[in-house]
Amino acid sequence: MTDSADSPSFRLAYVPGVTPAKWVRIWQERLPDIPLTLLQVTAAEASGVLREGAADAAFVRLPVDRTVFSAIPLYTETTVVVVPKDHVITAAEEITLDDLADEVVLHPLDDVMGWDRLPGEPAFERPATTEDAVELVAANIGVLVVPQSLARLHHRRDLTYRTVADAPGSDVALAWPEEATTDLVEDFIGIVRGRTVNSTRGRDRQAPAEARKGERRKPQPGGATRKSTAQGAARGRGAGAKGGAAKGGGRRGTGGGKPRRRS
């Protein structure tokens, strides 16, 4: 029986709101023999999972500790406010933070916005999770400001959302421990960056390319001898041609001179 530790695999963590399906599909197409395992974690757990080695890389929300982790920013999410469908805010397609000044804005303990100052009026208690906060919005306790992907994740038929134009965005990135940049991590980085399967940055494709270069440089057996022989023959033919031209010139000079005038 083969030890599972000897079989390579790639463990990818991701936070709520991130959909890794596209990158997973490309991985499966390019590396079908190496299984990719998905691990869903909360935004607060993501760094710990990477530190402990429970995942090789993770889709996280910035910021992360850049003294420990390498990170590639991918995109910035639009921020929205989740409200009941009959709320006055739904009259507009887009609002500003000032429009929330008189609203009770819920601030869950797993908030990912990183507010310097929360807009609106604070609630009496902070809900434990974003999911709990959505339930409170449905009960008309307050409104909730979140990245758009989380509004979609916790969608309810009785709720809707509107864009908050001047709210800070939430940055999503691929992160991994800097000291654990393995070959498989490099492969996944290439996929996320959009490199093609024939990219020269691919680690497995560099060696064959270098080998082909070496083959072109390597002289063929007997090549030098054939080259020397060819060069010698060329020199011989050149010398013979010059000699023939000289002799022919002499004959033309003897019989082909101008006739002398008669005196």
Side-chain angles (χ1 to χ4, degrees), residues 13-21 39-51 55 58-69 71-175:
Y14 66 101
V15 298
V18 176
T19 306
L39 176 64
Q40 186 170 7
V41 298
T42 66
E45 294 170 338
S47 294
V49 166
L50 291 175
R51 288 177 188 271
F59 289 115
V60 302
R61 294 189 183 275
L62 296 177
V64 294
D65 186 351
R66 298 304 290 267
T67 65
V68 177
F69 302 113
I72 301 173
L74 300 177
Y75 56 88
T76 300
E77 280 202 65
T78 299
T79 300
V80 301
V81 57
V82 180
V83 296
K85 280 190 172 180
D86 59 353
H87 197 284
V88 65
I89 282 178
T90 61
E93 291 298 320
E94 186 177 90
I95 68 165
T96 66
L97 291 175
D98 288 341
D99 295 322
L100 300 175
D102 297 328
E103 300 289 338
V104 173
V105 178
L106 301 166
H107 189 203
L109 295 175
D110 64 353
D111 174 68
V112 297
M113 296 302 302
W115 296 102
D116 292 329
R117 185 176 67 86
L118 192 69
E121 299 291 334
F124 290 110
E125 293 183 4
R126 294 184 64 183
T129 66
T130 297
E131 185 176 6
D132 293 337
V134 170
E135 295 293 331
L136 294 177
V137 173
N140 286 301
I141 302 299
V143 300
L144 176 65
V145 181
V146 291
Q148 186 173 13
S149 66
L150 292 182
R152 290 175 174 173
L153 179 65
H154 300 293
H155 171 70
R156 289 175 51 118
R157 291 183 179 180
D158 54 345
L159 301 180
T160 187
Y161 58 82
R162 291 291 184 269
T163 300
V164 185
D166 57 347
S170 177
D171 296 319
V172 174
L174 175 68

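Throughout, residue positions are numbered sequentially from 1 according to the sequence presented. These numbers come from a predicted model, not from an experiment. Side chains are part of it too, since the values below use all heavy atoms of this structure and drop only hydrogens, waters and symmetry mates.
- Test Val80, Asp99, Thr163, Val164 against Glu94 for side chain to side chain contact (heavy atoms under 4.5 Å, CB included) and you get one pass: Thr163.
- At distances below 3.5 Å, at least one donor-acceptor pair connects side-chain atoms of Thr79 with backbone N or O atoms of Pro168.
- Ionic pairing of Arg51 and Asp65 is present here: one or more N-O contacts between side-chain nitrogen and carboxylate oxygen are shorter than 4.0 angstrom.
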Begin from the C-alpha positions of Val105 and Leu144 and carry the test side chain to side chain contact (heavy atoms under 4.5 Å, CB included) through to its verdict.
-> CA-CA 6 Å; Val105 178; Leu144 176 65; over 6 Å; no
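- Annotation: side chain of Leu159 is not in contact with side chain of Lys85 (no heavy-atom distance under 4.5 Å).
- Heavy atoms only, all atoms of each residue included: Pro84 and Thr90 are closest at O-CG2, 3.7 Å.
- Nearest approach of Ala123 to Leu106, heavy atoms of both residues: CB-CD2, 3.8 Å.
- Counting non-hydrogen atoms of other residues, nucleotides and ligands closer than 6.0 Å to CG of Asp158 gives a total above 12.
- Inspection of the Ser170 and Glu77 side chains reveals no N or O donor paired with an N or O acceptor under 3.5 Å.
- Contact detail for Ser47 and Phe69: the closest heavy-atom pair is O-CZ, 3.5 Å.
- Within the 4.5 Å cutoff, the side chain of Tyr14 has no heavy atoms near those of the Val172 side chain.
- A donor-acceptor pair under 3.5 Å links the side-chain atoms of Arg61 to the main chain of Pro16, judged by distance alone.
- Distance CD1/Ile89 to OG1/Thr160: 11.0 Å, rounded to 0.5 Å.
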Hey, mind stepping through Tyr161 and Arg152 against side chain to side chain contact (heavy atoms under 4.5 Å, CB included) and telling me if it holds?
-> CA-CA 9 Å; Tyr161 58 82; Arg152 290 175 174 173; 3.3 Å; yes
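- A donor-acceptor contact under 3.5 angstrom links the side chains of Asp110 and Thr130, judged on distance only.
- Closest approach of Val41 and Ala46 over heavy atoms only: CG2-CA, 3.9 Å.
- Between Val145 and the choices Asp111, Val81, Val82, the side chain to side chain contact (heavy atoms under 4.5 Å, CB included) rule is met once, by Val81.
- Leu109 approaches Ala128 most closely through the heavy-atom pair CB-O, 3.5 Å.
- Taking the side chain as every heavy atom from C-beta outward, Pro73 and Asp171 never approach each other to under 4.5 Å.
- In this structure the side chain of His107 never reaches within 4.5 angstrom of the side chain of Pro122, judged on heavy atoms.
- Under a 3.5 Å cut-off, the side chain of Arg162 and the backbone N or O of Ala92 do form a donor-acceptor pair.
- Of all heavy-atom pairs between Pro147 and Met113, the closest is CD-SD, 3.6 Å.
- Side-chain contact between Glu131 and Val134: absent, with no pair of heavy atoms (C-beta onward) separated by less than 4.5 Å.
- At least one side-chain heavy atom of Leu74 sits under 4.5 Å from a side-chain heavy atom of Phe59.
- Using a 4.5 Å heavy-atom threshold, the side chains of Leu100 and Ile95 count as touching.
- Here the NE2-CG distance, from His155 to Leu150, works out to 14.5 Å after rounding to the nearest 0.5 Å.
- Two residues are said to be in side-chain contact when any heavy atoms from C-beta on lie closer than 4.5 Å; Glu135 and Arg156 meet this criterion.
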